[in-house]
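Notes follow the structure.
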There are 2 protein chains.
Amino acid sequence: MTIKDIARESGYAVGTVSRVINHNPNVSDAARARILEVIEKYHFQPNANAKHLKQQANQGIAMIVKGTHNMLFASVLEKMQAECSAAGYSSMVFYIDENDNEVEQARCVCRERKPYGVIFLGSDRNHFGPDLADLGVPCLLMTNTAATAAIPNLSSVSVDDVAAAVRMVGHLLDNGHRRIAFIGGDLTSSQPSSARLSGCLSEFSRRGLSFDPAGQYIEARYTLVGGYHAMEQLLDNLPGLTAVFAFSDIMAIGAIRALRDRGLRVPEDVSVCGFDGIELADYLSPRLTTIRQPAERMAGCGVSILIRCIEEGCDAVHELVPYELLEGESIQRLPDPNKIH
Amino acid sequence: MTIKDIARESGYAVGTVSRVINHNPNVSDAARARILEVIEKYHFQPNANAKHLKQQANQGIAMIVKGTHNMLFASVLEKMQAECSAAGYSSMVFYIDENDNEVEQARCVCRERKPYGVIFLGSDRNHFGPDLADLGVPCLLMTNTAATAAIPNLSSVSVDDVAAAVRMVGHLLDNGHRRIAFIGGDLTSSQPSSARLSGCLSEFSRRGLSFDPAGQYIEARYTLVGGYHAMEQLLDNLPGLTAVFAFSDIMAIGAIRALRDRGLRVPEDVSVCGFDGIELADYLSPRLTTIRQPAERMAGCGVSILIRCIEEGCDAVHELVPYELLEGESIQRLPDPNKIH
DNA sequence: CTGAAAGCGCTTACAG
DNA sequence: CTGAAAGCGCTTACAG
């Protein structure tokens, strides 16, 4: 069933059928009514490939998401889709495995779907090189900054990961913690993890405290079980530790379970804090102290940047949105160490 | 840049270029080498719309997912994508809002992408009528049964929701609970909710106990906040209640938070159980007692059914996979009510 | 092994 | 307002 069949049956030419389908006003009411009737009768659906081939059309905005289990991404994504459609762009989500190459995927998508722009949720910094410009459309990296990558068509929206980590570490130190461990992602591939770790390091050194990345930082996947195993290792390696800063809420939840399975209470025996500020963090007991990344605001900001790049050809921008330290109940105030000494 | 350009530059005809691109063996090594060289030089990517138009080709298997926040769906999806690609099918995920019409979306996708088959994760029973057959490809509903819908091209894989609810209610009753409330989805649209509720009803009546759906069952969205508000309502309406059965783990987590915010302990004051058996359930404190839907097994089963329908034109089948009651720590054993009386 | 040509199902100037 | 026709970028018999 093609528009040719509709044309024959309705007694009009294919051009007229096409105009009816595309809501072109230059069609008589009689023709429109008749053609619509035939279309209805056969439940005719035009062939999108032909349409797009002809129009060289593209398909709105592509969103490439690494991993299906990331609750922060889910929130960001939901809002971005709403923002895109409010701005008159359709959006198309491509989920890929955490270990797949998101830039390769973007190449495929650009070839097949010709989007106006591409949004990345999650990234391996090793995949983002200057050849991203070959995609030929504005791109946006969400929740990681791409400022240092300096790729001409890649914008980014994120919190200031360094400052946020400084803030959280400061909070732990202010609460009397000194033996603190960290659980984060693979430092060679995860830009936010290394930014957060460097924030931690700098706050330690600013306060004249020592920090041993080899012993205090454990790399883990951003999953429950990743946080769980990392915590087990830390308990074996760092006896007497009083606080753990996990670089995602999900890892923090895993870590808390590991602590409890060793008979330790949170926060009485060990304090735990997370990063992301997912909705779930506020439903746990104890409520998780964490850094909130404002998903909705980031999404809105990102979409408007990308659309500006698309419509006005603006240069890439790297926007930092404000984070927030959400005080939960998972950090214990320890006796002031200065008073002890 | 089209194959015409490649043809001109390489000195061969477009047909030969096309053959190289499609790995047709009938090309001389010399031609292949030269053409590949030119393709490389320009990073040429063939236009997929033209290819698909010509081939009337389709794009593997479409997966339509309702809601981005469902952890059970995320697990099922991940496994299904792996299974599809292992079977040589590409897969394409379409996330839609929980309130959008998944069957409408499937129509769009079928028109635009011509998939071999469509998988639905999540469904509103009102959207599934006999006109689903118009899609012209085998469809599969995951985690909800479609046995009663009896649509010729719609298979389904699910647990036996009725039996699972009977089992969980029996477990609560066996533990001495009598004042039990239920939190589930909208009964007019959610097939599993009404199946589970009917299981609850039948177990109550089998044991000669009364059940008041109007008072004991609260409809909520399948979200944290949905569970939270439903629990608040129940506390207001059913004083003295000793147990709550939420029809999803996420709702159960919301309910637990609401209980604690009213100063009640779980399970000492009120027992809570969930449904789904998401990974998170086992990381909570107390660990959640729940019905495990075997995500991986369901995914594997569903994909193989769909592929059989696609390749061998089999009739739709409705498969039940075994559920499992996961005993956590969220149900309190009460004194035997028979001994009291 | 290769080329010339038809045709996939649409859209859109162009002419009337 | 409508029709006839060109053409989007590919694939694939067909002929050589």
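A note on names: the letters A, B, ... follow the listed sequences, proteins ahead of strands, and every chain is numbered from 1.
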query = Given B:Tyr95 and A:Gln81, is the side chain to side chain donor-acceptor pair (under 3.5 Å) satisfied, shown in steps?
reply = CA-CA 10 Å; B:Tyr95 274 78; A:Gln81 292 198 276; over 6 Å; no
Side chain to side chain donor-acceptor pair (under 3.5 Å) between A:Asn24 and A:Asn22, worked out = CA-CA 5 Å; A:Asn24 182 315; A:Asn22 294 290; over 6 Å; no
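Using a 4.0 Å heavy-atom criterion, one finds that A:Ser28 contacts the sugar-phosphate atoms exclusively. Heavy atoms of B:Asn24 sit nowhere under 4.0 angstrom from any nucleic acid atom. Contact annotation for A:Thr2: backbone-only contact, meaning every heavy-atom pair under 4.0 Å involves sugar-phosphate atoms and none involves a base.
The side chain of B:Arg19 sits closest to C:dA4 out of D:dC10, D:dT11, C:dA4. Checked against D:dC10, D:dT2, C:dT11, the side chain of B:Pro46 finds its nearest nucleotide in D:dC10. Nearest nucleotide to the B:Asn26 side chain, out of C:dC1, D:dG9, D:dT11: C:dC1. Each of D:dT2, C:dG9, C:dG3 was ranked by its minimum atom distance to the side chain of B:Ala13; first place goes to C:dG3. With distances taken from any side-chain atom of B:Tyr12 to the nucleotides D:dT2, D:dC10, C:dG3, the minimum falls on C:dG3.
Here the P atom of nucleotide C:dG7 and the CD1 atom of B:Ile3 are 18 Å apart, to the nearest Å. Going from atom NE2 of B:His23 over to atom P of D:dT12 covers 14 Å, rounded to whole Å. Atom CD1 in B:Ile21 sits roughly 7 Å away from atom P in D:dC10 (whole-Å rounding). In this structure, CG of A:Leu53 is placed 12 Å from P of C:dC10, rounded to the nearest angstrom. Remark: P of D:dC1 and CZ of A:Arg32 are 9 Å apart, rounded to the nearest angstrom. Atom CG of B:Asn49 and atom C1' of D:dC10 are 11 Å apart (whole Å). In this structure, B:Asp5 atom CG and D:dC8 atom P are separated by 11 Å, rounded to whole Å.
For B:Lys4 and D:dG9, the shortest distance from a side-chain N or O to OP1 or OP2 is not below 4.0 Å. Neither OP1 nor OP2 of D:dC10 sits under 4.0 Å from any side-chain N or O of B:Asn47. Within the 4.0 Å cut-off from OP1 or OP2 of D:dC1, not a single side-chain nitrogen or oxygen of A:Thr16 is found. Using a 4.0 Å cut-off, some side-chain N or O of A:Asn22 falls inside it from OP1 or OP2 of C:dT11.
Across all strands shown, D:dA4 has no partner, as no Watson-Crick or G-U wobble contact with both distances under 3.5 Å is found. Using the Watson-Crick or G-U wobble rule with both distances under 3.5 Å, C:dA13 pairs with nothing in any strand shown.
In this structure a side-chain-to-backbone donor-acceptor pair under 3.5 Å is present from B:Glu102 to B:Asp124.
At a cut-off of 3.5 angstrom, counting only N and O atoms as typed in the model, there is no donor on one side facing an acceptor on the other between the side-chain of A:Lys54 and the base of C:dG9.
To the nearest whole angstrom, the two C1' atoms, one in D:dG16 and one in D:dT12, are 16 Å apart.
Interatomic distance, A:His69 NE2 to A:Thr223 OG1, rounded to the nearest 0.5 Å: 10.0 Å.
Residues A:Pro25 and B:Phe44 both approach DNA chain D. Their nearest nucleotides, taken by heavy-atom distance, put A:Pro25 toward the 5′ side. Both B:Gly15 and B:Ala50 sit near DNA chain C, but only B:Gly15 has its closest nucleotide nearer the 5' end.
The shortest non-hydrogen separation linking B:Thr16 to B:Val27 is CG2-CG1, 4.2 Å.
Using modelled atom types and a 3.5 Å distance limit, the side chains of A:Ser193 and A:Tyr222 yield a donor-acceptor pair.
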